[in-house]
Amino acid sequence: MPNLLEGIKVLDLTTVVFGPYATQTLADMGAEVIKVEAPGGDVMRWAGRPAKTPAMGPVHLTLNRGKRSILLDLKAEADKATMRDLIAQSDVFIHNIRGKAIAALGFDYDAVKALRPDIVYVHCVGFGSDGPYADLQAYDDIIQAATGTTTLAGRVEGGGAPRYVPSLIADKVAGLHGAYAVMGALIHKLRTGEGQFVEVPMFEAFAHFMLKEHLFGDTFQPPVGTAGYPRQLDPHRQPFPTADGYISIVPYTDGAIVDLFEVLGRPDLLREERFDSPLKRAMGMSEIYRLIGELTPARTTVDWLERCHAARLPAIAVRDLDDIAEDPHLGVSFFRRREHPTEGAILDMAPPVRFGTPVAEPKPASILGADGDAIRAELTSGKLAP
């Protein structure tokens, strides 16, 4: 049986994280992705120290596996001609170059459609083209600031300066939106034979993601309260300290709250008037979290895990980022130690979604321009290799 997206050819001009994460997701499902890079390569090739080869940094290895690499200088006419040949044999053209710049290069939607009438043309942008921010530059930090995400920690802590979430979270969320946008347009193309222009704006994608719960009181007009989902902003709803570390315990239902205080050895606390009904416990969750945090230092993390799991309460140890590669669950099938053809042993992450249909093992990330000669030869023969 073919891979899910086998036969779908994606021409990828994206850089950094947003677009490359989208196209890696497509490659993981079997799409043929050709990563077109300018001389010097995608900036993320240089993020982190490479093990052996320049421009083969760790972030590149995790974002660009499964793609072939060709170097093209789109200001040079010969390379523009190669680009036009690639477009003519591609199903999807995806980039994150600003609109005026891509038009100046001769690869805006109308120009590309003239080369391939049924092309799915996907433009990854910072801000939607119909708003006043349309021409502004956007990076992950900018989008976190613009969506209010940088103020969430201060709300939890009761004040303080805005802070970025220490992750390229907006880029990655937008990348997943980009992947499903491509697939939606491809399904439409399969049904109708028609391509289309698709815009994926990072600001709107991340706002859509963050505000699912945090729009909260502003959902109603006029508002019935403030923005911000209180359960997520509770200063006491944090990992709880233990005798030797921290643990996450989530007493999500009223029954779980009652069972947890049995496990904690203090069921009497819930018989106090302030907590003696499900409604009172629901209204007093912040104080309940605080009490849990006072009781958990009495035992070790392993001890609490055994007791919570025996009572069928959701609980997990807080794992340090440096130790994540040793997680016993992720070690079953998620983390794979693979041999890269040039970089040696690497720790690779399996695609997280599992399908009933087979998906081939993704190819390792390519050295800068490694596939250029082969791709040019395929273009000359009139057919890109599957």
Subject >> Exercise: do His95 and Tyr121 side chains pair donor with acceptor under 3.5 Å >> reply: yes
Subject >> Test salt bridge (Lys or Arg N to Asp or Glu O under 4.0 Å) applied to Lys67 and Glu32, step by step >> reply: CA-CA 7 Å; Lys67 307 174 190 179; Glu32 172 72 14; over 6 Å; no
**OP:** Just say parallel, tilted or perpendicular for the rings of Phe203 and Tyr133, cut-offs at 30° and 60°.
**Re:** tilted
Original post:
Going hydrophobic residue to hydrophobic residue with side-chain gaps under 4.5 angstrom, can you get from Tyr109 over to Val92?
Top reply: no
**OP:** Taking atom NZ of Lys80 as the centre, report whether more than 12 heavy atoms of other residues, nucleotides or ligands fall under 6.0 Å from it.
**Re:** yes
Subject >> Trace of the side chain to side chain donor-acceptor pair (under 3.5 Å) decision for Asp371 with Ser69 >> reply: CA-CA 5 Å; Asp371 308 292; Ser69 173; 5.4 Å; no
Original post:
Do Ser167 and Lys172 have a side chain donor and acceptor closer than 3.5 Å?
Top reply: yes
Original post:
Do Asp276 and Arg274 meet the salt-bridge criterion of a basic N to acidic O distance under 4.0 Å?
Top reply: no
Original post:
To the nearest 0.5 Å, what is the distance between CZ (Arg336) and CG (Leu347)?
Top reply: 9.5 Å
**OP:** Consider only side-chain N and O atoms of His236 and Arg290, and report whether a donor and an acceptor are under 3.5 Å apart.
**Re:** no
Subject >> Shared hydrophobic cluster for Ile8 and Val200 (ILVMFWY, side-chain gaps under 4.5 Å) >> reply: yes
Subject >> Check against salt bridge (Lys or Arg N to Asp or Glu O under 4.0 Å), Arg281 and Glu272 >> reply: CA-CA 10 Å; Arg281 289 191 285 272; Glu272 294 179 4; over 6 Å; no
Original post:
Does one side chain, of Arg354 or Ser333, offer a donor that lies under 3.5 Å from an acceptor on the other?
Top reply: yes
**OP:** Please assess Glu326 against Arg319 for the test salt bridge (Lys or Arg N to Asp or Glu O under 4.0 Å), listing each intermediate value before the final yes or no.
**Re:** CA-CA 10 Å; Glu326 306 305 319; Arg319 185 177 292 279; over 6 Å; no
Subject >> Trace of the salt bridge (Lys or Arg N to Asp or Glu O under 4.0 Å) decision for Arg376 with Asp79 >> reply: CA-CA 11 Å; Arg376 286 183 171 87; Asp79 283 357; 3.7 Å; yes
Subject >> Nearest-0.5 Å distance, OG1 of residue Thr301 to CD of residue Glu306 >> reply: 11.0 Å
Original post:
More than 12 non-hydrogen atoms from neighbouring residues, nucleotides or ligands closer than 6.0 Å to OH on Tyr139, yes or no?
Top reply: no
